[in-house]
Amino acid sequence: MKRGELVQLLETCCSQISISQLHSQFLKVGLADDSFIATKLSSFYANYASIKYARKLFEETPRRTVWLWNSVLRSYCGEREWEETLFLFRQMIIEAVSAEKKPDNFTVSIALKSCAGLHGLRLGRMIHGFAKKEKLDMDMFVGSALIELYSKCGQMNDSGKVFMEYRKPDVVLWTSMVTGYEQNGCPEEALAFFSRMAVSERVIPDPVTLVTAASACAKLSDFKRGSSVHGVVIRQGLDTKLSLANSLLNLYAKTGSIKNAANWFRAMPNKDIISWSSLVACYADNGAGTNALDLFNEMIDKGIKPNSVTVVSALQACAATSNLKEGAKIHSLAVDYGFELDISVATALIDMYMKCLSPENAVDLFKRMPKKDVISWAALLSGYAQNGMANTSMGIFCNMLSEGTRPDAVAMVKILAACSELGILQQAACLHGFVIKTGFNSNVFVGASLIELYAKCSSIDNAENIFKGMTDKDVVTWSSMIAAYGLHGKGEEALKLFHHMVNNSDVKPNNITFLSVLSACSHAGLIKEGIDMFNMMLNEFQLKPNAEHYGIMVDLLGRMGELDMAMDIINHMPVPVEPHVWGALLGACRIHQNMKMGEIAAMNLFSLDPDHAGYYILLSNIYAVDENWHNVAKLRRVVKENRLKKIQGQSVVEVKNEAHSFVAADRLHAESDLTYEVLRKLEANMREECCVPQVQIEEILQAPVKGVQNLKSQSRSSPV
DNA sequence: GTAAGTGTTC
């Protein structure tokens with residue numbers, strides 16, 4: 001066969017089999033090193049077959065043209081093999097002795113894209129310099145790769161400089177800028193660019209631009225601007241395009257109600273795994289864990305294979321609803337699909353097991369993970385704190401540091417929260433030092449956590465200093481300081497700070513701020529002020545109180561003996577009454593010995609949360625004071641027969657810079673006998689002073705120590 | 001003769 005005929009055959013080849021046969025034909029007639037044919041073949045392999053064939057062909061071709069180089073570079077770049085791409089690029093430069101092999105605009109754009117993939121700013125800048133020298137930098141493809149490179153490295157200024165070089169940037173260049181801002185956490189700037197492009201410059205946005213714009217609106221929770229993006233999508237007849245429909249679904253998920261998102265999802269003519277994952281995530285994020293799991297199961301029943309992202313969201317739903325059974329089911333599903341040890345899946349599993357109070361499973365998984373990142377470490381250490389083992393959290397934090405993982409702001413917040421469970425000032429100060437050293441002290445979330453930490457370590461002065469030292473105070477900072485005063489019973493100070501914030505700063509109070517100020521009023525017994533604040537929240541700031549706000553109001557009124565008012569609030573709550581609200585009323589009934597109302601609260605609690613032993617015990621305490629021994633016995637029997645366990649509170653004391661943790665009736669500590677001996681002496685002293693302790697030591701010691709397995713006493717020296 | 005920027009997650 002002649003060369004021409006073979007080339008024509010090559011053009012019409014459409015399967016890997018036929019191209020392989022043709023390839024062997026070329027080899028037979030000695031045409032395989034014909035540079036045109038080699039490039040064509042390589043391009044075919046890169047597009048439709050495996051990268052291995054392309055590479056083999058490349059190696060076997062003695063006369064490599066720029067085209068051949070480009071086509072093999074493109075295959076590696078397409079497979080996201082950034083390092084290999086750049087390795088080959090370097091080879092090419094080395095071999096570029098003749099002008100024929102000089103990298104062209106195509107080569108440069110691929111190399112830049114690989115640098116972007118690796119966040120390799122230094123090499124990227126070098127290649128940028130090379131492109132300038134070779135006068136390749138005005139090519140649009142090179143330009144978009146440069147913008148992408150600088151954006152991925154967080155250098156939006158440089159992206160802007162590249163963009164400014166073009167007199168008439170095309171839609172892709174504009175879009176690169178929009179996505180650059182959007183992915184660098186600047187959705188506002190992204191939308192500004194988008195409107196400059198679409199309105200001032202009359203460049204018609206394409207699907208990619210619109211996806212990014214919708215995503216920026218989602219990040220801002222800006223429903224209004226999101227709707228106008230949706231309008232553009234409809235006007236261009238693009239609303240059935242899957243990627244756009246998905247980004248609009250995400251927009252509804254992040255801005256509107258669950259209902260909007262669900263309706264949009266059901267109306268979508270085509271759905272892919274991303275559509276399903278988005279709605280599962282939407283349910284999971286918005287407190288609708290059961291819906292998330294239903295949807296996930298619907299998907300499985302329909303035979304649609306979830307990916308790791310879907311599984312992560314479904315696991316989040318299990319974690320939020322403490323659904324260990326479903327969580328374990330999804331775990332085995334992840335094993336079947338082969339992504340159990342995928343870093344994000346494994347981390348979500350750790351989080352789920354920790355929140356379902358099954359730390360053993362979490363630790364087992366963590367140990368088996370081949371790769372861990374800062375998020376997995378953070379899940380582990382905050383999980384320990386959630387399971388009452390804050391001491392272990394501190395140790396995990398040290399392990400993380402010694403294994404060379406740098407904490408991010410989230411991990412910092414979590415370790416500070418774990419430390420605040422311990423309430424040990426010494427360790428708080430150590431972590432504070434670490435925060436300063438690592439430069440996290442300017443982060444608003446870390447600052448707020450420090451305020452909370454010091455407040456919980458009984459050092460309100462330090463909390464105040466942190467607060468005063470924060471240059472950027474946002475609503476979280478103010479709320480934390482208000483909460484700190486509340487924790488210390490300083491209701492007046494909390495109110496003063498609240499008013500100072502409302503009158504003298506630009507920061508507006510939110511739901512959390514009111515939670516802090518209401519709880520401060522409750523702790524300080526400021527009943528009138530609390531009611532005023534609650535009304536202010538409703539009327540002046542038009543905020544919708546949630547079950548927690550109502551719980552605090554019930555607590556506040558209940559503590560002050562206003563049980564009828566508290567009951568009235570419960571009866572008029574516009575949101576579902578959660579167990580803790582009834583719990584607050586029941587607690588108040590115990591203080592003020594109101595048996596009738598206590599019974600109502602308890603009955604509601606028993607039906608809402610039948611496994612919580614604490615509520616049975618609270619009611620039985622009310623009966624006991626009333627000497628209603630018959631009912632006391634009845635309740636104790638229920639607890640015993642249903643094997644209900646009271647979640648044990650763990651206490652920690654600091655002795656000579658060492659933290660010692662213990663639980664009630666704990667006899668596992670090495671110095672246990674001595675501790676109880678001292679306690680008996682103290683009790684005797686109290687009796688001499690005519691004080692009768694509420695609970696007697698012998699009573700505590702008779703209590704079973706079951707259910708304390710993983711809370712065994714531990715003593716270790718300060719780790720930080 | 002090859003070609004760009006985007007959507008779901010811990």
Side-chain angles (χ1 to χ4, degrees), chain A residues 7 10-11 35-40 42-44 46-47 65-75 77-78 104-110 112-113 116 139-148 151-152 159 169-180 182-183 190 205-216 218 241-251 253-254 271-282 284-285 306-316 319 342-352 372-380 382 410-411:
Chain A
V7 168
L10 189 55
E11 297 287 355
S35 71
F36 175 71
I37 287 171
T39 309
K40 263 283 176 199
S42 162
S43 168
F44 182 91
N47 280 334
T65 59
V66 180
W67 294 99
L68 186 62
W69 275 103
N70 284 352
S71 108
V72 79
L73 282 166
R74 182 167 64 98
S75 349
C77 188
D104 62 5
N105 48 354
F106 187 73
T107 328
V108 165
S109 69
I110 292 176
L112 286 169
K113 204 178 152 51
D139 179 272
M140 297 274 199
F141 293 97
V142 173
S144 66
L146 278 169
I147 294 174
E148 188 193 347
S151 304
K152 291 244 162 84
S159 295
D170 68 355
V171 62
V172 178
L173 283 182
W174 277 103
T175 308
S176 304
M177 287 303 290
V178 178
T179 53
E182 199 268 339
Q183 308 212 325
D206 72 1
V208 182
T209 331
L210 293 166
V211 163
T212 314
S215 160
K241 200 179 156 66
L242 196 52
S243 61
L244 262 169
N246 280 339
S247 71
L248 291 169
L249 172 62
N250 182 241
L251 175 72
K254 298 268 155 69
K271 299 177 183 76
D272 66 358
I273 187 63
I274 295 181
S275 331
W276 287 91
S277 305
S278 300
L279 193 60
V280 172
C282 171
D285 284 345
N307 66 13
S308 60
V309 180
T310 335
V311 163
V312 166
S313 294
L315 286 170
Q316 230 187 309
D342 196 281
I343 194 153
S344 59
V345 174
T347 305
L349 280 166
I350 290 172
D351 189 55
M352 183 275 293
K372 296 147 184 142
D373 63 5
V374 64
I375 311 172
S376 356
W377 282 101
L380 187 74
S382 77
V410 178

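Just so it is clear: chains get the letters A, B, ... in the order the sequence lines come, proteins before strands, and each one is counted from 1.
With sequence neighbours excluded, the residues forming a ring pair (Phe, Tyr, Trp, His ring centres under 6.0 Å) with Trp174(A) are Phe163(A), Phe193(A), listed by chain and number.
When rounded to the nearest whole Å, the span between CG of Asp342(A) and P of dT9(B) equals 15 Å. Spacing between atom CG of Leu251(A) and atom P of dT8(B) amounts to 11 Å, rounded to whole angstrom units.
Summarising the geometry of Thr212(A) relative to Thr179(A), their closest heavy-atom pair is OG1-CG2, 3.1 Å, with the distance given to 0.1 Å. Scanning both residues, Thr347(A) and Ile375(A), for their nearest heavy atoms gives CG2-O, 3.8 Å.
The phosphate of dC10(B) has OP1 or OP2 within less than 4.0 Å of a side-chain N or O from Gln316(A).
Counting heavy atoms of neighbouring residues, nucleotides and ligands inside a 6.0 Å radius, atom NZ of Lys372(A) exceeds 12 of them.
Residue Lys241(A) is out of contact with every strand shown, counting any heavy-atom pair closer than 4.0 Å.
Ser247(A) pairs in a side chain to side chain contact (heavy atoms under 4.5 Å, CB included) with only one of the listed residues (Leu251(A), Leu244(A), Leu249(A)), which is Leu244(A).
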What string of B, S and - do you get for nucleotides 2-7 of chain B, 5' to 3', if B is base contact, S is sugar-phosphate-only contact and - is no contact with any protein heavy atom under 4.0 Å?
BBBBBB

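Side-chain contact, Thr107(A) with Asp104(A): a donor N or O sits under 3.5 Å from an acceptor N or O.
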